[in-house]
Each structure stands twice: as structure tokens, then as C-alpha cells.
Amino acid sequence: MSIQKKKKHMAFTLYTIIQTAILCTNAIAVLHEERFLSKIGWGVDQGVGGFGDDPGVRAQILNLIRSVRTVMRVPLIIVNSACIILLLLFG
């Protein structure tokens with residue numbers, strides 16, 4: 001008799017999609033302008049354009065990062081806490 005090993009496959013479920021979105025949002029939220037973004041040339045003074053100019057891709061990404069950090073701070077704390085509790089309860 002051969003011993004069959006059970007392989008645990010990670011299912012592609014709605015929960016994993018939500019968890020991936022939360023992890024990506026966390027990654028955006030922890031980017032610090034002085035420590036990380038200014039070293040690669042994306043600091044506070046980098047994305048400033050003139051009045052009436054269309055903002056470039058870099059300026060739009062910087063605005064997205066600032067917006068996520070400002071708006072999602074409290075909801076991320078709540079959602080992360082809920083995910084931790086769910087993982088502790090259900091594995």
C-alpha cells in the first residue's frame with residue numbers, strides 16, 4: 001500500500017480576491033513619501049504641474065497614493081482586524 005499525501009490546494013474564492021485587494025491597499029497605504037517615494041524621484045515636489053495642465057501619469061499615481069493613505073486609514077484598520085479575527089477563528 002502506498003501512502004497518498006493529501007495536497008492542500010488554495011481555492012480561488014471570493015475571500016481570496018478580497019484578501020488580495022486588502023493586501024494591495026495595505027501596500028499602497030504604507031508607502032512613505034520621505035522615506036521611499038523621494039528616493040525614487042516621486043517625492044512631494046515631483047508631481048506638481050501648472051494650473052490648467054493635464055496631470056501626467058506620475059502625478060495621478062501620487063494623488064492615488066495620497067488619497068488611499070488619507071481616506072482608507074480607519075477602514076483599513078477595521079478590515080484588517082476583521083480579517084485577522086476570521087483567520088484566527090476559521091483558519
Side-chain angles (χ1 to χ4, degrees):
M1 286 183 81
S2 68
I3 300 173
Q4 295 179 352
K5 294 181 182 180
K6 289 187 177 180
K7 292 183 180 179
K8 186 176 181 180
H9 296 286
M10 185 173 179
F12 191 68
T13 61
L14 181 62
Y15 179 71
T16 56
I17 294 171
I18 292 171
Q19 196 172 18
T20 303
I22 292 169
L23 288 173
C24 290
T25 308
N26 281 328
I28 292 172
V30 299
L31 289 176
H32 197 270
E33 288 188 31
E34 289 87 21
R35 292 184 197 158
F36 177 72
L37 295 175
S38 64
K39 289 182 181 179
I40 61 171
W42 286 33
V44 178
D45 57 345
Q46 297 295 324
V48 179
F51 181 75
D53 291 340
D54 290 332
V57 174
R58 181 183 290 181
Q60 289 178 351
I61 291 173
L62 285 173
N63 284 333
L64 175 69
I65 291 170
R66 289 184 195 118
S67 299
V68 166
R69 214 178 13 218
T70 302
V71 174
M72 295 299 291
R73 181 173 292 155
V74 174
L76 271 177
I77 293 170
I78 295 168
V79 170
N80 284 328
S81 300
C83 282
I84 290 170
I85 291 170
L86 283 173
L87 284 174
L88 286 174
L89 291 177
F90 302 113

Identify each donor-acceptor pair in which a side-chain atom of residues 74-91 lies under 3.5 Å from a protein atom, sequence neighbours left out, and give them as a table.
from  : atom 1 : to    : atom 2 : distance (Å)
Asn80 : OD1    : Asn26 : ND2    : 3.1
Asn80 : ND2    : Asn26 : OD1    : 3.1
Asn80 : ND2    : Leu76 : O      : 3.0
Ser81 : OG     : Ile77 : O      : 2.8

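Scanning for side-chain contact (heavy atoms from CB on, under 4.5 Å) contacts around Thr70 gives an empty result, with sequence neighbours left out. Looking at residues two or more places apart in sequence or on another chain, you find a side-chain contact (heavy atoms from CB on, under 4.5 Å) between Leu64 and Val68.
When every heavy atom of Thr16 is checked against every heavy atom of Thr13, the shortest pair comes out as OG1-O, 2.7 Å.
Note on Ile65: it does not cluster hydrophobically with Ile22, by side-chain heavy-atom contacts below 4.5 Å among ILVMFWY residues.
Residues near Val30 contribute nothing to a hydrophobic cluster around it, because no ILVMFWY side-chain heavy atom sits closer than 4.5 Å to its side chain.
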